[in-house]
There are 2 protein chains.
Amino acid sequence: MKNTSAWEEKAKLLRKWCLVSTTAAGSGHPTSCLSAADIATVLFDKYFTYDVTNPLNIYNDRFVLSKGHAAPLLYALFGMSNAYDLNELKTLRKLNSRFEGHPVPKYKYAEAATGSLGQGLSVGAGLAIAAKRENLPFTTYVLCGDGELAEGQVWEAANFASYHKLNNLVVILDINRLAQSGETMFGHHMNEYEQRFRAFNFRVFNIDGHNFDQIDQALEQAHSHAGLQPVAIIARTEKGKGVSFIENKEGWHGKALKEDELKKALDELGPINDNARFELRKPATTTVPSAEVKINTDIKMDFDNAKSYATREVFGEVLAQITQHTPNMYVLDADVKNSTFTEDALKVTPERFVECFIAEQNMVSVGAGLSRIGKIPVVATFGAFFMRAADQIRMARISEANIKLVGSHVGVSIGEDGPSQMALEDIAFFGALPDVVVLQPCEAVSTASLVPQMVKHNGMVYMRTLRPKTKLLYKPGEEFKIGGSKIVRKSDDDMLTVAATGITVYEALQAADMLKQEDINIRVVDCYSISPIDRETLQDCLHTTHYKCIISVEDHFSHGGLGDFISAAVSAEGVYVEKMAVTHISQSGKQEELLKDAGIDAASIAAKVKELVRSMEQVHSHA
Amino acid sequence: MKNTSAWEEKAKLLRKWCLVSTTAAGSGHPTSCLSAADIATVLFDKYFTYDVTNPLNIYNDRFVLSKGHAAPLLYALFGMSNAYDLNELKTLRKLNSRFEGHPVPKYKYAEAATGSLGQGLSVGAGLAIAAKRENLPFTTYVLCGDGELAEGQVWEAANFASYHKLNNLVVILDINRLAQSGETMFGHHMNEYEQRFRAFNFRVFNIDGHNFDQIDQALEQAHSHAGLQPVAIIARTEKGKGVSFIENKEGWHGKALKEDELKKALDELGPINDNARFELRKPATTTVPSAEVKINTDIKMDFDNAKSYATREVFGEVLAQITQHTPNMYVLDADVKNSTFTEDALKVTPERFVECFIAEQNMVSVGAGLSRIGKIPVVATFGAFFMRAADQIRMARISEANIKLVGSHVGVSIGEDGPSQMALEDIAFFGALPDVVVLQPCEAVSTASLVPQMVKHNGMVYMRTLRPKTKLLYKPGEEFKIGGSKIVRKSDDDMLTVAATGITVYEALQAADMLKQEDINIRVVDCYSISPIDRETLQDCLHTTHYKCIISVEDHFSHGGLGDFISAAVSAEGVYVEKMAVTHISQSGKQEELLKDAGIDAASIAAKVKELVRSMEQVHSHA
């Protein structure tokens, strides 16, 4: 049943609020909202099933605004769906308003924080794959701009969606021709978009995005979930549609109308029914994911004291034990499951394992989508290759996604593969993001204890795992916790403290052995929790060693690593932190050779301890 | 003229060395080399024009090994081209060998460091666009694996190549079906690749990658540069081709043959002519880019003392003045040229401006390609969106690329757009990479002085520019240098030092004014060079203020920022560094509101100074 005049009326009210709110804010992207107003109207008026009183209901359809700068459109859509009073939109972009410049989680109707472009289709694919795997009947709609289709992540997501047969995923492309600084790559050449999405195996509808009949027909067919392909509705639109002096004009990206321009624009729109509303159909069922995460922490692992284990292997085994008994967990990998050992989880819970192939950006944003509906995604690849998804991780953090990222093959200790495969800046990046937990267990027992805690922690966690095998340091049953550390060498006469993490714990212990021969005792701390760092233990060490000095030693670049966390934690008058870390690009070679080459091996640590003790003795003898 | 039996002979020798070198190393990816051996043989034997005595000759054809794990193939190819003795390949993956696990710059025939997948086509596009713009006759060949085609960057590069009509770019796709942990997304369904590259407007040849005739015909046509499209040769191959027990078998990715397996494999290959060689045709002309960078540093800028300027605007104006007189400079932007102000350079040197659209990954790797042939690429986008290309920046650093990256809109001071647009982890990331210079001038005069120095510096530089306008602090002619700083407030009776950078310099000065009213004097330092940090000046401050204390204050997250650089520089007994920085995800709001919300505004600084002075007075009075 067609409803064109009612749609015109509603689209007009949407346009009004996009214009009014941005003018009230004095900034924003009204023209980017107007091009999509007609499509959004038909979607919300006829097809979108949603309970506005219950945004987390897992039976709701999903609307992902990939072009996050069109936030006012999103806010107006849910306002017109009776989620809140439209007048609240006048707080747009003001301090403490839930209506920020780009959507963020305090706005509960946003499926993810967006605003870094090209990520929405991946988030939508994350929502859609959960629905597909768990037989949830909802449809995920993603609204993309045309400029953002230049982002490679969109094509990662497109491959992912068709490979995994996500016929419950509908991407609507708002092809309004104009990007921020000029025309997009393809302007209004609709065939360019059509041929790409067809080649990526989408069901494609090429329509006039301001023709209600065409919009309706495309959405009707998309809504049917016919066949096994995801759907792309490619809509030719005009930026600023509906207001003559901004419509399809360059120079109007990201500009709010001035008061007089707004008046002129509203005059052009003509009489408006301010009471027009979308009456969204509610889903028949309501289920909200539990806020409480129940995970299986009863891990059964027997380690042989005579053997060595790679922490990545232990991670895989423990993960598999947890996923088996934790139905809301998903495991994602980027074609390195036999290196990260997520293949263990694939074996026992294939229904919740998602092969993402070599496309880390999409993988992380799929994780963000899964997190939105209460899943706990564990996402793994080489630590170095998480840098490929740094922006997606940044946005997942802004989205408050509950994601666990596990990076294997960290540091120069990986050996022969060389610098391209070594994660050496990962602690700096993850550590900079507020409240992200960064862990690096150095051996099997602590790994087995920390993996369940990582999964249980509510929020983003990054865990570094090691390629080489390491000896056991701890006994079964010892306690490890986020924010903790372990003193692994101690005497009553320690000169100073060496704080290590991961592979360097072993180098520090070996250095302690070497120094012992020369009657120099040192304290050695295993900082398996890098952030938060165990300030208390480190401060205690400072007070109970001869010198108020900590040497940090880590298989990571010097800036932004463990050493800086320690410095920040104990910084106070009279404390001296010396950082030992990797200071140049490494190379191929054996593990021991590369640790030595980087100056973080046992001999280098022992030499540094002796140098510092000597210099501090001199200072004290002069004092 | 067909030459099949000679090609068979040469391909056999290539295969032998791929197997022998990896077995000698005890690790590596022989099967990934063998699938491409036949194609590479024809390319090098008949089409590749190159002077092995002069890898930097800008008339050489270019061979980019995107699938970097096939490094032994690359090493064998140039060895068989008489660049060095093939026996040197037995040092593969050994410490200090130029033959690393994945190609790095000390191997002079590598166009870029590769090994993080999906970057080679962008590097090739960088080489090809320089050739196109400057009428250099060479052809760029890129060898990609099939697994890496899942990386979105490949499609960014494909769009870029066809948009810019790079008909001098030939990508060879080695479709060997098997990735690391299983079959690729599309296995041997060649049509999947063909339809994608056709949709992205490539001239496509779909061939059997082990049929010398088909290879020859495809390369012949690719070589012709007919039409305006880039070329994709999609070659169906077998992983491990030529050795029955590894050919097209799962479980053989990244595994070297054991000695007995090698013997068996070589037996299978049969008699080999160890003297088979490629006789590469040399280019008719030799020109090597000058190692010395001559740039125009005679910048003419008049600033009005009564006015304020955004550093991003000043950057744009200065950049345009330099590019005009520096013919080897290129400027790249990702559709934000009117925000970063690289549009100024577009106006004066459009022939060396490259619009990369919203595809930051490709942009950075194109920059790496340009750098390889002596260009100086200045690459700009919002600071936040450089995180999209973090892995490409990491690889560009490993490649020793001479790239300048300029990130605008840093920190919470951007205001209403909200957290997705704020660069707040950029210093942590760039600062972690060894020897990368990180600059942040806070006003016009210092910006005008530092931009030419950035361009002149040989190596990677990251400059942060500000969205808001700021007042002049300095007089024309004042000196600024990489590694420098400026004391902007000083008295004989300073209690401590506040070290600021960028927008917080103004907050610190305002705090100094407020404290002055209460008879508290502070030193204020403008740390416009964040890395390297001006250790000397800061240490001098410590010795000439009342307390040995520095407060760092920055519009960046707490970990990995300016504060950690300062801590590391002055760390020693008796020094206290207090970090003031952003500790939570920000929001939309006015600049002043957000600085206050983050606790880095003048009032917060003044309060912190008073708190510290009070506590240190107590410590001293108790002492």
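A note on names: the letters A, B, ... follow the listed sequences, proteins ahead of strands, and every chain is numbered from 1.
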Seminar exercise, completed: Bottom line for B:His29: the part with an atom under 4.5 Å from chain A's heavy atoms is side chain
Exercise. Which answer fits B:Glu355, side chain, backbone, both or neither, if we ask what part of it has an atom under 4.5 Å from a heavy atom of chain A?
Worked result: side chain
Problem set entry | Per-residue contact mode, B:His584 against chain A (heavy atom under 4.5 angstrom) | backbone
Problem set entry | Part of B:Asp333 within contact of chain A (heavy atom distance under 4.5 Å) | neither
Exercise. Most heavy-atom pairs under 4.5 angstrom with chain B, which of A:Ala581, A:Ala390, A:Ala568?
Worked result: A:Ala390
Exercise. Which atoms of B:Met363 come close to chain A, meaning under 4.5 Å heavy atom to heavy atom: side chain ones, backbone ones, both, or neither?
Worked result: neither
Seminar exercise, completed: Under 4.5 Å to a heavy atom of chain A? For B:Phe186 that would be side chain
Exercise. Is a side-chain donor or acceptor of B:Ser97 paired with a backbone partner of B:Thr91 at a separation under 3.5 angstrom?
Worked result: yes
For this session: Heavy atoms only, distances under 4.5 angstrom: which of A:Ser558, A:Gly115, A:Gly589 has the most pairs with chain B? Name it, please.
Result: A:Gly115
For this session: Name the region of A:Asn96, side chain, backbone, both or neither, that has any atom closer than 4.5 Å to a heavy atom of chain B.
Result: both
For this session: With a 4.5 angstrom heavy-atom cut-off, could you sort out which part of B:Lys94 is near chain A: side chain, backbone, both or neither?
Result: backbone
For this session: Report the C-alpha separation of A:Gln180 and B:Ile358 in whole Å, then their side-chain angles, then the decisive distance to 0.1 Å, and conclude whether the side chain to side chain contact (heavy atoms under 4.5 Å, CB included) test is met.
Result: CA-CA 10 Å; A:Gln180 173 177 324; B:Ile358 309 175; over 6 Å; no
Exercise. B:Ala71, B:Gly118, B:Ala389, B:Pro419: which one forms the most heavy-atom pairs within less than 4.5 Å of chain A?
Worked result: B:Pro419
Seminar exercise, completed: Counting heavy-atom pairs under 4.5 Å with chain B, the top scorer among A:Met387, A:Gln153, A:His253, A:Gln392 is A:Met387
Exercise. Among B:Phe565, B:Phe99, B:Phe429, B:Phe385, which has the most heavy-atom pairs under 4.5 Å with chain A?
Worked result: B:Phe565
For this session: Under 4.5 Å, counting heavy-atom pairs only, tell me which of B:Glu148, B:His556, B:Glu360 racks up the most with chain A.
Result: B:Glu360
Exercise. For A:Asp417, does its backbone N or O pair with a side-chain atom of B:His102 as donor and acceptor, under 3.5 Å?
Worked result: yes
Problem set entry | With A:Leu95, the side chain to side chain contact (heavy atoms under 4.5 Å, CB included) member among B:Gln587, B:Lys596, B:Glu416 | B:Gln587
For this session: Among B:Arg394, B:Glu593, B:Met395, single out the residue with the greatest number of heavy-atom pairs under 4.5 Å to chain A.
Result: B:Arg394
Seminar exercise, completed: Whatever's closer than 4.5 Å to a heavy atom in chain A on B:Val104 counts as side chain
For this session: Side chain from CB out, backbone as N, CA, C, O: work out which of these in B:Tyr163 comes under 4.5 Å of a heavy atom of chain A, or both, or neither.
Result: side chain
For this session: Answer yes when B:Lys67 and B:Asp146 have at least one side-chain N-carboxylate O distance shorter than 4.0 Å, and no when they do not.
Result: no
For this session: Could you tell me whether the side chain of B:Trp155 and the main chain of A:Glu151 form a donor-acceptor pair under 3.5 Å?
Result: no
Exercise. Would you call A:Glu192-A:Arg196 a salt bridge at under 4.0 Å N-O?
Worked result: yes
Exercise. What residue in B:Ser339, B:Gly147, B:Ser116 has the most heavy-atom pairs under 4.5 Å with chain A?
Worked result: B:Ser116
Exercise. Given that the side chain runs from C-beta out, which part of B:Lys106 has a heavy atom under 4.5 Å from chain A: side chain, backbone, both or neither?
Worked result: side chain
Exercise. Have B:Gln361 and A:Arg388 got a donor and an acceptor in their side chains that come within less than 3.5 Å?
Worked result: yes
For this session: Spell out, as yes or no, whether a donor-acceptor pair under 3.5 Å connects the side chain of B:Ser567 to the backbone of B:Val577.
Result: no
Problem set entry | Interface moiety of B:Thr184 toward chain A, non-hydrogen atoms closer than 4.5 Å | backbone
For this session: Report the distance from atom CD1 of B:Ile530 to atom CD1 of B:Ile427, rounding to the nearest 0.5 Å.
Result: 3.5 Å
Exercise. For B:Leu562 and B:Ile533, what are the C-alpha separation, side-chain angles and deciding distance, and is it a side chain to side chain contact (heavy atoms under 4.5 Å, CB included)?
Worked result: CA-CA 8 Å; B:Leu562 171 71; B:Ile533 191 83; 3.6 Å; yes
For this session: Please check if the side chain of A:Arg397 supplies one atom and the backbone of B:Ile585 the other of a donor-acceptor pair under 3.5 Å.
Result: no
Exercise. Where on B:Glu343 is there a heavy atom nearer than 4.5 Å to chain A: the side chain, the backbone, both, or neither?
Worked result: neither
Exercise. Is B:Glu100 reaching over with its side chain to a backbone N or O of A:Ser588, donor-acceptor style, under 3.5 angstrom?
Worked result: yes
For this session: Return the option, out of A:Ser27, A:Gly182, A:Ala334, A:Ala432, with the maximum number of heavy-atom pairs under 4.5 Å with chain B.
Result: A:Ala432
Problem set entry | Choice from B:Ser531, B:Ser181, B:Pro434 maximising heavy atom contacts with chain A below 4.5 Å | B:Ser181
Exercise. Chain A heavy atoms under 4.5 Å from B:Ala113: which part of the residue, side chain, backbone, both or neither?
Worked result: neither
Problem set entry | Option in A:Asn338, A:Asp435, A:Asp335, A:Asp564 with maximal non-hydrogen atom pairs under 4.5 Å from chain B | A:Asp335
For this session: Name the option with the most non-hydrogen atom pairs under 4.5 Å to chain B; the candidates are A:Gly152, A:Ala25, A:Ala157, A:Gly101.
Result: A:Gly152
